[in-house]
Amino acid sequence: ASKSHGMSIKYADFVDESYEPTAEDLVCTFRLVPGEGLTLAEAAGRVASESSNGTWAALDAPERVRELSAIAFDLAGDADGGEVQVAYPDALFDPGNMPQILSCIAGNILGMKAVDTIRLLDCEWPASLATSFLGPQYGPDVKTEILDAEGRPPTATVPKPKVGLNTEEHADVGYEAWMGGVDLLKDDENLTDQSFNRFDARLKRSLERRDEAQEATGEAKDYLVNITDETNVMLERVDEVAAQGGGFVMVDVVTAGWSAVQSVRERCEEQGLAIHAHRAMHAAFDRLPEHGVSMRVLAQVARIVGVDHIHTGTAGFGKLENEDTVGINAWLASDFHGVSPVLPVASGGLHPGIVEPLLDTTGTDVMVQAGGGIHGHPDGTRAGAKAFRQSIDAYVAGVPVGEYADDHPELAAALAEWGTE
Ligand SMILES: O=C(O)[C@@](O)(COP(=O)(O)O)[C@H](O)[C@H](O)COP(=O)(O)O
Ligand SMILES: [Mg+2]
């Protein structure tokens, strides 16, 4: 039977340099190096085609199918590489389904021979897609709606060693840190439900100690308990945290996957819990500048799906490589189709001596987390927590940290131990 629709679509049809995107388009910016023998336009056509509704063979398709095709435009560069914009009509997507959207814009195209390397750098999201998800329930409002951290960065601490403490030891570390002035105890990413520190017992005992510390300090305290596991288990744990009087859950959003995060977000809506997003494995996507998916796009996805906090790095001050912390934080706080902002989290190698340059760079609308930078304090956890809180209080008061340490011995000991770099 001969081709009947009269409309054949081939790679070249997916490029229109003069295309003007509409408000209904999802516009993605890619950095790519064309595969051998291809021009930038030829590679861009293949990217737009394969990430929307085309393939390598010329196809016969009715007009209405053609309307779902993406368009590559605004090509900047040459056969050695460049940046390409691709506009996807929102009708291509399944609103409220993040795995489907990512299967288009970050799917097979990352493995095509038509490009030597390709990186999804940024997205301009249409309101139709951005608002088809729940978005954050609290965002930065956790500072006042759940915690007593108005006008300052909330602080969190991960007990270190990362895993191995038993339930009582874990809750003790929490109590000491809370008594020292930290707002949030946080589980490490690899602490879930191991036999030496079971989830249920850890949750119950940590919240009991939290209640004691709240009583003693008069300040709201809470627990970023790691619920990451199989989705149904995570949903049960959301209910358990709410039943036990916790205000937050922590989810490793990259390893758990966006489908699971969406389900947890729905359950947290019912239970009124805030979601702390850890991002272990993000570097598999975003570390190499010429390939993968940028942390900026991962942060956009996290905001749209609806986490309240997400780790975005330490702007180069800590122990981990980070990309564009300040730019990503600015986007997480920006106006975005009425979707709530997200509170960025600075974490990884932080200690009281680098809080000042960090906040000078990021501003104070961040959460700051220190594990080693508190529990490694020469005088132990409570002194470490005090020193960390003192470095925040010094910054908010506008007093140089060295000067503040003059009459804050815990801070002085931390600066003596780790310096200010
Ligand atoms: O395991 C760790 O390394 C941490 O608990 C920090 O511990 P320290 O405070 O002891 O360094 C966090 O998981 C990282 O900060 C995550 O990286 P990011 O924030 O970049 O996602
Ligand atoms: Mg960790």
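The first residue in the sequence is number 1, and the count goes up from there. Whatever order the structure lists ligands and atoms in, that order sets their numbers, starting from 1. As a basis for the values below, the full set of heavy atoms in this structure was taken, side chains included, without hydrogen atoms, waters or symmetry mates.
Restricting D188 to its N, O or S atoms, the one at the least distance from the Mg ion (ligand 2) is OD1. The closest approach of E189 to the Mg ion (ligand 2), by N/O/S atoms, is made by OE1.
Of the heavy atoms in D188, only side-chain atoms (C-beta onward) come closer than 4.0 Å to ligand 1. Residue S347 touches ligand 1 through backbone and side chain together, judged by heavy-atom distances below 4.0 Å.
Judged by the 6.0 Å and 45° rule, R237 forms a cation-pi pair with F199.
The closest approach between a heavy atom of H278 and any atom of ligand 1 is below 4.0 Å.
What sits closest to atom 3 (O) of ligand 1 on the protein, heavy atoms only, is K319 NZ, 2.7 Å. L320 CD1, 3.1 Å is the protein heavy atom nearest to atom 17 (O) of ligand 1. With hydrogens left out, the protein atom closest to atom 2 (C) of ligand 1 is K160 NZ, 3.4 Å, a heavy atom. Of the protein's heavy atoms, H311 ND1, 2.8 Å lies nearest to atom 19 (O) of ligand 1. In terms of protein heavy-atom proximity, atom 11 (O) of ligand 1 is closest to G349 N, 2.7 Å. The closest protein non-hydrogen atom to atom 9 (O) of ligand 1 is G371 N, 2.8 Å. From the protein, the heavy atom lying nearest to atom 10 (O) of ligand 1 is G372 N, 2.8 Å.
Residue-to-ligand polar distances keep V158 apart from ligand 1: every N/O pair is separated by 3.5 Å or more. Where the criterion is an N or O separation shorter than 3.5 Å, residue side chain and backbone included, K186 fails it with respect to ligand 1. Checking only distances, L350 never comes within under 3.5 Å of ligand 1, N or O to N or O.
Look at E269 and R265 and you find a salt bridge, because one of the NZ, NE, NH1 or NH2 atoms lies within 4.0 Å of a carboxylate O, short of that distance. A salt bridge links D187 with R202: the closest approach of a Lys/Arg side-chain nitrogen to an acidic carboxylate oxygen falls below 4.0 angstrom.
For an aromatic pair to be called close, the ring centres must be under 6.0 Å apart, and H311 with H282 fails this. Ring centroid separation for the pair H309 and Y138 does not come in under the 6.0 Å cut-off.
For the salt bridge (Lys or Arg N to Asp or Glu O under 4.0 Å) with E323, the qualifying choice from R296, R287, R279, R119 is R119, the only one to do so.
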*Tell me, with the steps shown, if D393 and R389 meet salt bridge (Lys or Arg N to Asp or Glu O under 4.0 Å).*
CA-CA 6 Å; D393 294 345; R389 179 65 185 263; 3.2 Å; yes

*asked:* I'd like to know whether W56 forms a ring pair (Phe, Tyr, Trp, His ring centres under 6.0 Å) with Y11, so could you lay out the CA-CA distance, the side-chain angles of the two residues, the decisive distance to 0.1 Å, and finally the verdict.
replied: CA-CA 7 Å; W56 60 273; Y11 282 152; 8.8 Å; no

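Between the side chains of Q137 and D308, no donor N or O sits under 3.5 Å from an acceptor N or O.
Residue K162 has at least one heavy-atom neighbour below 4.0 Å for each of these atoms of ligand 1: 1 (O), 2 (C). Residue A370 has at least one heavy-atom neighbour below 4.0 Å for each of these atoms of ligand 1: 9 (O). Taking every heavy atom of R279 and a limit of under 4.0 angstrom, the matching atoms of ligand 1 come to 18 (P), 20 (O), 21 (O).
Minimum interatomic distance between A130 and W125 (heavy atoms only, all atoms of both residues): CB-CB, 4.4 Å. Heavy atoms only, all atoms of each residue included: G373 and H351 are closest at CA-CB, 4.0 Å.
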